[in-house]
Amino acid sequence: MCGIVGYVGDKQAQPLLLAGLRRLEYRGYDSCGIAVARPDGSLSVKKLPGKIKSLFHILEKKPLNGSLGVGHCRWATHGEPNLVNAHPHCDCANTLTLVHNGIIENYSQLKNGLIKKGHVFKSQTDTEVIVHLIEDLYRTMPLEEAVRRALGKLLGSFAIGVISSKEPGKLIAARMGSPLVVGLGEGENFLASDVSALLDFAKEVIYLQDADIAVLTKDTVNVFTLSGARARRTPARVTWDVSQAQKQGWPHFMLKEINEQPQVLAGILKQRIKAGTDTVHFQELKIPRSQLAGVRNIIVIACGTAYHAGLCGKYILEEFCRIPVSVDLASEFRYRNPLVGRDTLVIAVSQSGETADTIAAVREAKRKGASVLAICNVLGSSLVRESNGVIYTHAGPEIGVASTKAYTAQLAIFYLFAIHLAQLHKRIQAGRLGNLVGLLRNCPRLQERVLKHQNTIRKIARAHSHFGSFLFLGRHINYPSALEGALKLKEISYIPAEGYAAGEMKHGPIALIDEYRAVVCIAPRSLRYEKMISNIQEIRSRHGKIIGIATDRDEKLSTLTEEVIYIPKTEEIFSPLIVALPLQLLAYHIAVKRGCDVDQPRNLAKSVTVE
């Protein structure tokens with residue numbers, strides 16, 4: 001959730017740290033700061049509550065000089081977002097400074113012990129405990145050894161970056177559950193909590209593993225385990241392009257990423273379906289075909305938008321493979337003693353691969369003997385390392401906090417994996433296979449057709465931006481679409497919104513419908529179309545304001561409401577890939593009309609690394 005950057009080299013650290021922090025803004029934060037080791041052997045720290053642009057303006061007038069430094073953007077957990085609680089934090093003597101992501105669970109006990117030893121605390125954070133703990137040990141040993149011993153006393157999930165004015169050529173990093181990446185340069189090295197912060201500076205990175213301690217100088221990177229043993233970590237090539245993490249003229253990252261979806265989907269299909277055939281293949285899957293052929297039930301675990309992709313995945317997998325599928329919120333999975341066996345496949349879905357609840361659920365599933373398949377967007381993430389196999393979505397960096405292209409990329413992987421698994425289980429005939437693959441290959445073109453009508457969606461959105469609440473209704477595989485549409489609107493416009501299975505409307509939500517509530521009805525042509533029309537009639541008779549999402553040339557729905565967003569026709573099972581776009585655009589344009597910060601909504605973080 002928070003962001004870490006670090007630099008050691010011959011250049012001035014300040015501009016590089018600030019540039020890295022700007023790349024991490026999308027993760028969500030409420031305060032920020034940097035610390036630099038000055039040439040005279042002192043530390044300079046500047047931090048503040050609020051946005052990084054304010055820090056930029058202050059440091060333009062009074063820059064911090066030095067070639068070693070750390071920076072941080074904080075999403076508050078312990079202590080409110082104010083100047084004192086912002087990172088970096090320093091020790092009593094102002095010789096050590098530290099930035100930290102995650103949570104220290106035993107900070108209270110450690111803090112009491114350190115206070116008795118004479119340490120003076122300034123903040124309400126758990127972070128400050130770490131720097132004082134290192135200070136207590138640093139008096140008699142090198143910095144990396146003090147960090148290593150301090151880590152042995154800490155409980156929780158975290159990552160840190162530490163510098164000392166006594167050792168101005170050294171940056172220490174440690175990972176214990178929260179992501180941390182080392183960027184490799186020539187005569188300089190970098191540290192970040194997310195590879196996106198390094199795109200301008202490094203093409204090769206080392207993804208630190210849990211219990212890794214890295215010692216960075218300008219010319220070397222040495223990695224050790226918590227026991228002190230030397231560890232070999234193979235560098236990975238960064239394939240993301242800098243332009244993918246830039247707006248390129250778009251007013252917001254979210255709108256750019258909505259419009260990238262046809263390109264992302266086409267790329268996934270081209271990579272995963274062998275040219276000239278209907279054969280789906282996954283090079284990185286790793287789980288043996290014989291093991292997948294023996295799967296008797298599937299559990300999907302995820303959070304937020306990924307959970308909605310998983311709900312769609314249930315419909316897809318059960319339709320194609322005829323295997324029972326359940327879907328769990330990762331935050332609840334491990335607390336209900338789930339029934340998991342060796343013939344269970346757990347599919348864990350996460351854009352970042354660092355979602356703490358999902359990783360904890362995966363560990364519980366593995367403990368019970370299940371095989372775990374990750375659907376993830378980030379190479380080398382914690383989820384990938386914890387899983388038996390992985391399918392990467394290859395959606396590119398998603399900067400907007402509210403997920404858009406990552407969601408449809410996850411859906412695409414579910415379709416492809418379901419086709420692959422159906423073939424292994426001999427549940428799909430050759431003729432049906434060719435038809436399904438053909439329909440899937442056509443979806444990027446259908447998405448492009450939706451995007452040609454953005455002005456219509458914008459007008460409808462602006463006309464409804466004043467409504468105090470929204471209800472989203474869908475049936476069958478578009479029930480999850482309704483949940484996702486409501487989540488998007490809540491996330492970025494702050495309007496209360498609910499997603500419901502349309503058949504459940506009569507069992508409660510119908511009491512809410514009046515002229516002050518807008519109801520988005522997802523009603524493409526399908527076997528359930530007439531039932532959706534009945535729901536719309538019920539809403540209309542109660543004066544609810546209806547926004548319909550319907551198949552092109554649907555004349556019946558146009559007689560029931562003037563506000564209709566048309567989408568091209570496809571088989572119902574593939575419709576979520578098309579429906580997602582107008583729902584995203586509707587939420588986006590309502591939020592823009594209301595003056596909301598759509599890329600960085602309040603209180604939200606892109607990568608939720610704490611439970």
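We count residues from 1, following the sequence as given.
- Ion pair Lys452/Glu448 not flagged as a salt bridge, since none of the NZ, NE, NH1 or NH2 atoms sits closer than 4.0 Å to an Asp/Glu carboxylate oxygen.
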**Report entry** Test side-chain contact (heavy atoms from CB on, under 4.5 Å) applied to Leu373 and Lys286, step by step
**Finding:** CA-CA 9 Å; Leu373 170 64; Lys286 292 183 182 178; over 6 Å; no
Query - Working for side-chain contact (heavy atoms from CB on, under 4.5 Å), residues Phe414 and Cys312 - result: CA-CA 8 Å; Phe414 270 113; Cys312 284; over 6 Å; no
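- Judged by distance alone, the side chain of Asp343 and the main-chain N or O of Val295 form no donor-acceptor pair under 3.5 Å.
- Checking side-chain atoms of Gln454 against main-chain N and O of Leu585 turns up no donor-acceptor pair under 3.5 Å.
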Query raised in the report: Are Thr305 and Ser403 close enough, and set up right, to give a side-chain hydrogen bond (donor to acceptor under 3.5 Å, both in side chains), and what steps lead you there?
Result: CA-CA 7 Å; Thr305 286; Ser403 184; 5.2 Å; no
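- Residues passing the side-chain hydrogen bond (donor to acceptor under 3.5 Å, both in side chains) test with Glu364 are Arg367, sequence neighbours excluded.
- Inspection of the Thr570 and Asn442 side chains reveals no N or O donor paired with an N or O acceptor under 3.5 Å.
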Query raised in the report: Taking it one step at a time, do His453 and Tyr566 satisfy ring-ring contact (aromatic ring centres under 6.0 Å, His included)?
Result: CA-CA 9 Å; His453 300 287; Tyr566 291 102; 8.8 Å; no
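- The side chain to side chain contact (heavy atoms under 4.5 Å, CB included) test with Val325 singles out one residue from Ile347, Ile298, Asn297, and that residue is Ile298.
- Heavy atoms of other residues, nucleotides or ligands lying less than 6.0 angstrom from CD of Gln263 number 12 at most.
- Within the 4.5 Å cutoff, the side chain of Ile495 has heavy atoms near those of the Arg594 side chain.
- Side-chain atoms of Asp599 come within 3.5 Å of backbone N or O of Met254 as a donor-acceptor pair.
- Side-chain atoms of Lys545 do not come within 3.5 Å of backbone N or O of Arg540 as any donor-acceptor pair.
- Using modelled atom types, no side-chain atom of Arg23 and backbone atom of Ala197 make a donor-acceptor pair closer than 3.5 Å.
- Taking a 6.0 Å sphere around NZ of Lys531, one finds it holds 12 or fewer heavy atoms contributed by other residues, nucleotides or ligands.
- Distance alone, capped at 3.5 Å, is enough to place a donor-acceptor pair between the Gln261 side chain and the Ile258 backbone.
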Requested in this report: Decide side-chain hydrogen bond (donor to acceptor under 3.5 Å, both in side chains) for Asn388 and Ser371; before the verdict, give the C-alpha distance in whole Å, the side-chain angles of both, and the deciding distance to 0.1 Å.
Outcome: CA-CA 6 Å; Asn388 301 102; Ser371 296; 4.6 Å; no
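- Checking side-chain atoms of Thr355 against main-chain N and O of Asp357 turns up no donor-acceptor pair under 3.5 Å.
- Checked against Glu572 for a side chain to side chain contact (heavy atoms under 4.5 Å, CB included), the options Arg528, Glu319, Arg525, Arg475 give a single hit: Arg528.
- Using a cut-off of 4.0 Å between Lys/Arg side-chain N and Asp/Glu carboxylate O, Arg336 and Asp328 are scored as salt-bridged.
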Report task. Any chance you could lay out the side-chain hydrogen bond (donor to acceptor under 3.5 Å, both in side chains) test for Ser178 and Asn101, step after step, and finish with the verdict? Result -> CA-CA 7 Å; Ser178 289; Asn101 288 352; over 6 Å; no
Query - Intermediate values then yes/no, ring-ring contact (aromatic ring centres under 6.0 Å, His included), His420 and Phe282 - result: CA-CA 9 Å; His420 178 69; Phe282 303 103; 5.5 Å; yes
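- Open room surrounds NZ on Lys569; 12 or fewer heavy atoms of other groups in view lie less than 6.0 Å from it.
- Taking a 6.0 Å sphere around NZ of Lys506, one finds it holds more than 12 heavy atoms contributed by other residues, nucleotides or ligands.
- Tyr479 is linked by a ring pair (Phe, Tyr, Trp, His ring centres under 6.0 Å) to nothing, counting only residues two or more places apart in sequence or in another chain.
- Side-chain atoms of Leu416 and Ile391, non-hydrogen and from C-beta on, never get closer than 4.5 Å to each other.
- Residues Tyr494 and Leu489 fail the side-chain proximity criterion, which asks for heavy atoms closer than 4.5 Å.
- You'll find the ring centres of Tyr407 and His308 outside the 6.0 Å limit.
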Query raised in the report: Going through the distances and angles, do Ser326 and Val300 end up as a side-chain contact (heavy atoms from CB on, under 4.5 Å)?
Result: CA-CA 6 Å; Ser326 60; Val300 181; over 6 Å; no
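- When the ring pair (Phe, Tyr, Trp, His ring centres under 6.0 Å) test is applied to Phe320, no partner is found at least two apart in sequence or on another chain.
- Ion pairing between Glu318 and Lys314 holds under the 4.0 Å rule for side-chain N and carboxylate O.
- Classification of the Phe574-Tyr415 ring pair by plane angle, with boundaries at 30° and 60°, yields tilted.
- The side chain to side chain contact (heavy atoms under 4.5 Å, CB included) test with Ile522 singles out one residue from Ile477, Leu473, Ile565, Leu583, and that residue is Leu583.
- Salt bridge present: Arg441 and Asp278 bring a charged side-chain N and a carboxylate O closer than 4.0 Å.
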**Report entry** Verdict with supporting geometry, Glu354 and Ser381, side-chain hydrogen bond (donor to acceptor under 3.5 Å, both in side chains)
**Finding:** CA-CA 6 Å; Glu354 303 296 345; Ser381 62; 4.8 Å; no
Requested in this report: Might you work through the salt bridge (Lys or Arg N to Asp or Glu O under 4.0 Å) test for Arg449 and Asp552, ending with a clear yes or no?
Outcome: CA-CA 11 Å; Arg449 284 172 57 184; Asp552 283 338; 3.0 Å; yes
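- Between His394 and Tyr392, the angle of the ring planes lies from 30° to 60°, which puts this pair in the tilted group.
- With hydrogens and angles ignored, the 3.5 Å screen pairs no side-chain donor or acceptor of Glu257 with any backbone N or O of Lys405.
- Counting heavy-atom neighbours within 6.0 Å of Glu530 CD, excluding the residue itself, gives a total above 12.
- A salt bridge between Glu491 and Lys488 is present, with a side-chain N of the basic residue lying under 4.0 Å from a carboxylate O of the acidic one.
- Contact annotation: the side chain of Ile268 approaches that of Ile413 to within less than 4.5 Å [non-hydrogen atoms, C-beta and beyond].
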Requested in this report: For the pair Arg432 and Glu571, evaluate salt bridge (Lys or Arg N to Asp or Glu O under 4.0 Å) and give the outcome as yes or no after the intermediate values.
Outcome: CA-CA 13 Å; Arg432 176 64 170 156; Glu571 194 168 315; 3.1 Å; yes
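- Side-chain atoms of Leu424 and Arg289, non-hydrogen and from C-beta on, do get closer than 4.5 Å to each other.
- Judged by distance alone, the side chain of Thr277 and the main-chain N or O of Lys274 form a donor-acceptor pair under 3.5 Å.
- Using modelled atom types, one finds no donor on one side chain facing an acceptor on the other under 3.5 Å when comparing Thr404 with Gln584.
- Side-chain contact between Glu498 and Leu483 is absent, with no heavy atoms from C-beta onward closer than 4.5 Å.
- Using modelled atom types, one side-chain atom of His281 and one backbone atom of Gln271 make a donor-acceptor pair closer than 3.5 Å.
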Requested in this report: Please test His464 against Phe470 for side-chain contact (heavy atoms from CB on, under 4.5 Å), starting from the C-alpha separation and ending with a verdict.
Outcome: CA-CA 10 Å; His464 293 77; Phe470 277 70; 4.1 Å; yes
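- In this structure, Ile375 and Phe417 have side chains that are not in contact, with every pair of non-hydrogen atoms separated by 4.5 Å or more.
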